[in-house]
Peer 1: 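Got a structure here, written out as structure tokens. Questions coming.
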Amino acid sequence: MPIPIVNSIASWFLKKRFHQIELFLKYPNEVQNELLQSLLYTAKDTELGKQYDFRSIKNYKTFSERVPIKNYDGWQDIIDRSRNGENNLFWPTPIKWFAKSSGTTRAKSKFIPVSEQSLENCHYAASKDLLCMYLNNNEDSQLFTGKSLRLGGSKELSRQNGTVFGDLSAILIDNMPFWAEYSSTPSNKVSLMSDWEHKMQAIVNETINEKVTSLAGVPSWMLVLLNNVLETTGKQSLHEVWPNLEVYFHGGVSFTPYKDQYQKILPQKDFKYYEIYNASEGFFAIQDRNDSNELLLMLDYGIFYEFIPMNIYATSEEKAIPLSEVELHKNYAVIITTNAGLWRYKIGDTIRFTSLSPYRIKVSGRTKHHINVFGEELIIENAEEALKNVCAKTEAEIVDYTAAPIFMVGKEKGAHQWLIEFKTPPTDIDYFNELFDNALKALNSDYEAKRYNSITLNKPKITIARKNLFHDWLKQNNKLGGQHKVPRLSNTRDYINELLELNVSYV
């Protein structure tokens, strides 16, 4: 199809969709309340709907008092029943697909229900909206003159008791319309290869001769792929490989630690980066402006949002609030109710609102991935901003890292141990550590208070990881590729001790 015709179709769809977006921008809380009532009405005759009498719930107050908030462990039993073929448990339409992701306390893996409604009205709708917003902001875009290089963690889908499970990306590929493959690369066959390391080279071989105009995938794994592209082609810049490459759509992990490395291999100043916030449970927010680090919370994808202030999270005072009650710059845990039958579900992410009109957010971390052993309330956002600042000052580059507490023993004070794999190490690790400590103090007043005169916390201890340590750990745990990621911060030493056992100390 000629490009002008494609652009005209996209323009028509863009204008039509923007009228709908304007509705939730203008009436966000009304849209969310209507959505909640719609979800309750749709599921009123399910087992869960009858248990909590969804039919009689007429407002948010009753909903919040009657339906409990749970994490995956709390819903696992009923989800397992659904996977075994039972229907009408928590959603009226049959659940055919389950997105497999990292496990919990009770289970090695989570199996997140994906309904037909969530597939079409959330995941696919968001993909279209992302393109709409990008094209609206970049009228001269040549996006449709080439293909999108997509990098998912796809493996072949598994079938059990009439249901299908696998990576969300594999489910999306399996269900997308036939024509969609023509606008993306690599082929579905390569995308669904199960051996990650062989798949990476197969993607390189298949894509280097394509006309690629956009990239889409998780920053950490995409960077590995792109460096392989440069190594295979002998080029210094990706623009030499794909001259029409104009945008990278990224999500899954924070982009902050990787941005400088991307700018080295994508040196054109007008190259665009667009962030998304999605997960197996749903698609939540999209960057709607060029050169922005804020994401527009999407309110009409069949997801009803609630939030728990992190200062009362997991305490006896824990209580969720609706969107209408959130405040700027506070850290919140995200609770969702969805058109796939998740009810008041803790997804494990934390966000901050940067704007209330419209509702824009920044992802600040994970409810479990923080360090608060000594009252320091250190979150991923603090860590990555501090590392970014210090790397800029020392010309260091980081591949991966994790951190955990060093617990107090006797009179010895506590500290944080940082295990860091450098692509380019600093010339003076002690100076790097001093700058890093000061950067964390500047970003986090609780950390600064605990570090004051080393009252509670000693200086951080930085351990340099050998090359490929984190890659080897992920491979050992069968977590190479896709949405799998290294836990950044932890309140225990479980992860870091495993990694230290694999590490070979530098001399």
Peer 1: Are Glu384 and Tyr401 linked by a side-chain donor-acceptor pair shorter than 3.5 Å?
Peer 2: yes
Peer 1: Please lay out, stage by stage, how Phe90 and Trp75 fare under the test side chain to side chain contact (heavy atoms under 4.5 Å, CB included).
Peer 2: CA-CA 10 Å; Phe90 43 78; Trp75 290 113; 6.0 Å; no
Peer 1: Is there a side-chain contact between Phe98 and Thr163 (heavy atoms, below 4.5 Å)?
Peer 2: yes
Peer 1: At their closest point, which heavy atom of Leu295 faces which heavy atom of Ala285, and how far apart are they?
Peer 2: CB-CB, 3.7 Å
Peer 1: Any donor and acceptor pair, going by atom type alone, linking the side chain of Gln417 with main-chain N or O of Pro405 inside 3.5 Å?
Peer 2: no
Peer 1: For Asn331 and Tyr313, which I'm curious about, is there any donor-acceptor pair between the side chains at under 3.5 Å?
Peer 2: no
Peer 1: Evaluate the ring planes of Phe111 and Phe165, with Trp represented by its six-membered ring, and classify them as parallel (under 30°), tilted (30 to 60°) or perpendicular (over 60°).
Peer 2: perpendicular
Peer 1: Establish, from distance only, whether the side-chain atoms of Gln287 and Tyr273 form a donor-acceptor pair under 3.5 Å.
Peer 2: no
Peer 1: CG of Leu323 to CG of Leu299: how many Å apart, nearest 0.5 Å?
Peer 2: 6.0 Å
Peer 1: According to ring-ring contact (aromatic ring centres under 6.0 Å, His included), who are the partners of Tyr262, at least two apart in sequence or on a separate chain?
Peer 2: Tyr248, Phe255
Peer 1: What heavy-atom pair brings Lys70 and Gly74 nearest, and what distance separates the two atoms?
Peer 2: CD-O, 3.6 Å
Peer 1: I need the minimum non-hydrogen distance between Thr338 and Ile303, along with the two atoms involved.
Peer 2: CG2-CG1, 4.3 Å
Peer 1: Hydrogens and angles aside, do Glu397 and Thr424 bring a side-chain donor and acceptor to less than 3.5 Å of each other?
Peer 2: yes
Peer 1: In Å and rounded to the nearest 0.5 Å, what is the OG1 to CD1 distance from Thr492 to Ile371?
Peer 2: 10.0 Å
Peer 1: Would you check if there is a donor-acceptor pair between the side chains of Arg493 and Ser490 at a distance under 3.5 Å?
Peer 2: no
Peer 1: Counting only N and O atoms by type, is there a donor-acceptor contact under 3.5 Å from the side chain of Asp174 to the main-chain atoms of Ala170?
Peer 2: no
Peer 1: Against Leu89, only a single residue in Ile78, Leu48, Ile95 fulfils side-chain contact (heavy atoms from CB on, under 4.5 Å); can you say which?
Peer 2: Ile78
Peer 1: Taking atom types as modelled, is there a side-chain donor on Ser364 or Thr350 under 3.5 Å from an acceptor on the other?
Peer 2: yes
Peer 1: Apply side chain to side chain contact (heavy atoms under 4.5 Å, CB included) to residues Leu457 and Glu376 and explain how you reach the verdict.
Peer 2: CA-CA 9 Å; Leu457 281 176; Glu376 64 273 48; 4.3 Å; yes
Peer 1: For Leu378 and Asn444: C-alpha separation, side-chain torsions, deciding distance, then whether side chain to side chain contact (heavy atoms under 4.5 Å, CB included) applies.
Peer 2: CA-CA 7 Å; Leu378 188 67; Asn444 186 314; 4.2 Å; yes
Peer 1: Assess Arg352 against Tyr332: is NZ or CZ under 6.0 Å from the centre of the six-membered ring, and within 45 degrees of the ring's axis?
Peer 2: no
Peer 1: For Phe407, I'd like to know if atom CZ has over 12 heavy atoms of other residues, nucleotides or ligands within 6.0 Å.
Peer 2: yes
Peer 1: Just checking, Arg344 and Phe63: is the charged tip under 6.0 Å from the six-membered ring centre and within 45° of the axis?
Peer 2: yes
Peer 1: Does the pair Lys264/Asp260 count as a salt bridge with the N-to-O cut at 4.0 Å?
Peer 2: no
Peer 1: May I ask you to decide whether Glu327 forms a salt bridge with Lys330, counting only side-chain N to carboxylate O separations under 4.0 Å?
Peer 2: yes
Peer 1: Would you indicate whether the side-chain heavy atoms of Ile321 and Val326 approach each other to under 4.5 Å?
Peer 2: yes
Peer 1: Determine, step by step, whether Asn175 and Tyr124 satisfy the side chain to side chain contact (heavy atoms under 4.5 Å, CB included) criterion, reporting the C-alpha distance in whole Å, the side-chain angles of both residues, the deciding distance to 0.1 Å, and the verdict.
Peer 2: CA-CA 10 Å; Asn175 287 280; Tyr124 288 145; 3.3 Å; yes
Peer 1: Kindly give the heavy-atom pair with the smallest separation between Leu35 and Gly302, and that separation in Å.
Peer 2: CD1-CA, 3.7 Å
Peer 1: So, Tyr134 and Asn290: side-chain donor and acceptor under 3.5 Å apart, yes or no?
Peer 2: no
Peer 1: When you measure from the side chain of Asp437 to the backbone of Asn433, do you find a donor-acceptor pair of N or O atoms at a distance under 3.5 Å?
Peer 2: no
Peer 1: If you compare all heavy atoms of Pro113 against all heavy atoms of Ile79, which two are closest, and at what distance to 0.1 Å?
Peer 2: CD-CD1, 4.1 Å
Peer 1: So, for Leu440 and Ala386, which heavy atoms are closest and what is the spacing to 0.1 Å?
Peer 2: CD2-CB, 3.7 Å
Peer 1: Counting only heavy atoms not in Glu395 (residues, nucleotides, ligands), do more than 12 fall under 6.0 Å from its CD?
Peer 2: no
Peer 1: Assess whether a salt bridge exists between Asp73 and Lys346, defined as any Lys/Arg side-chain N lying under 4.0 Å from an Asp/Glu carboxylate O.
Peer 2: no
Peer 1: Counting only heavy atoms not in Phe307 (residues, nucleotides, ligands), do more than 12 fall under 6.0 Å from its CZ?
Peer 2: yes
Peer 1: Using a strict 4.0 Å threshold on nitrogen-to-oxygen distance, state whether Asp472 and Arg466 make a salt bridge.
Peer 2: yes
Peer 1: Could you tell me whether the side chain of Lys423 reaches within less than 4.5 Å of the side chain of Ile398, counting heavy atoms only?
Peer 2: no
Peer 1: With the side chain counted from C-beta on, respond yes when Tyr60 and Ser324 share a heavy-atom pair under 4.5 Å apart, and no when they do not.
Peer 2: no
Peer 1: Looking just at side-chain N and O atoms, do Ser118 and Asn339 make a donor-acceptor pair shorter than 3.5 Å?
Peer 2: no
Peer 1: Using ring-ring contact (aromatic ring centres under 6.0 Å, His included) as the criterion, list what pairs up with Phe470, not counting sequence neighbours.
Peer 2: none
Peer 1: Is there side-chain contact between Tyr452 and Lys441, with heavy atoms separated by less than 4.5 Å?
Peer 2: no
Peer 1: Below 4.5 Å, heavy atoms only, C-beta onward: do His250 and Pro219 meet side chain to side chain?
Peer 2: yes
Peer 1: Using 0.5 Å steps for rounding, measure from the CG atom of Leu469 to the CG atom of Leu502.
Peer 2: 6.0 Å
Peer 1: Would Arg360 count as a cation-pi partner of Phe353, with NZ or CZ less than 6.0 Å from the six-membered ring centre and within 45° of the ring normal?
Peer 2: no
Peer 1: Return the CD to CD1 distance between Glu381 and Ile379, rounded to the nearest 0.5 Å.
Peer 2: 5.0 Å
Peer 1: Hey, what do you get for CD1 (Ile496) to OG1 (Thr402), rounding to the nearest 0.5 Å?
Peer 2: 5.5 Å
Peer 1: Take Arg81 and Glu86 through the salt bridge (Lys or Arg N to Asp or Glu O under 4.0 Å) test and state the conclusion after the steps.
Peer 2: CA-CA 6 Å; Arg81 288 171 58 196; Glu86 289 189 58; 2.9 Å; yes
Peer 1: Between the side chain of Ser64 and the main-chain N/O of Lys61, is any donor-acceptor distance below 3.5 Å?
Peer 2: yes
Peer 1: Would you say that more than 12 heavy atoms from the other residues, nucleotides or ligands in this model lie under 6.0 Å from the NZ of Lys96, or not?
Peer 2: no
Peer 1: Would you verify whether the NZ or CZ of Arg66 falls within 45 degrees of the ring axis of Tyr52 while also being under 6.0 Å from that six-membered ring's centre?
Peer 2: no
Peer 1: Any side-chain heavy atom of Lys459 sitting closer than 4.5 Å to one from His416?
Peer 2: no
Peer 1: Just jot down the ring-ring contact (aromatic ring centres under 6.0 Å, His included) partners of Phe436, sequence neighbours excluded, or say none.
Peer 2: Trp418
Peer 1: Can you tell me how far apart OG1 (Thr207) and CG (Leu149) are? Round to the nearest 0.5 Å.
Peer 2: 4.5 Å
Peer 1: Using side-chain heavy atoms (C-beta onward) and a distance below 4.5 Å, is Phe284 in contact with Asn278?
Peer 2: no
Peer 1: Would the number of heavy atoms belonging to other residues, nucleotides or ligands and lying under 6.0 Å from CD of Glu231 be above 12?
Peer 2: no
Peer 1: Judged by modelled atom types alone, do Glu421 and His471 share a side-chain donor-acceptor pair under 3.5 Å?
Peer 2: no
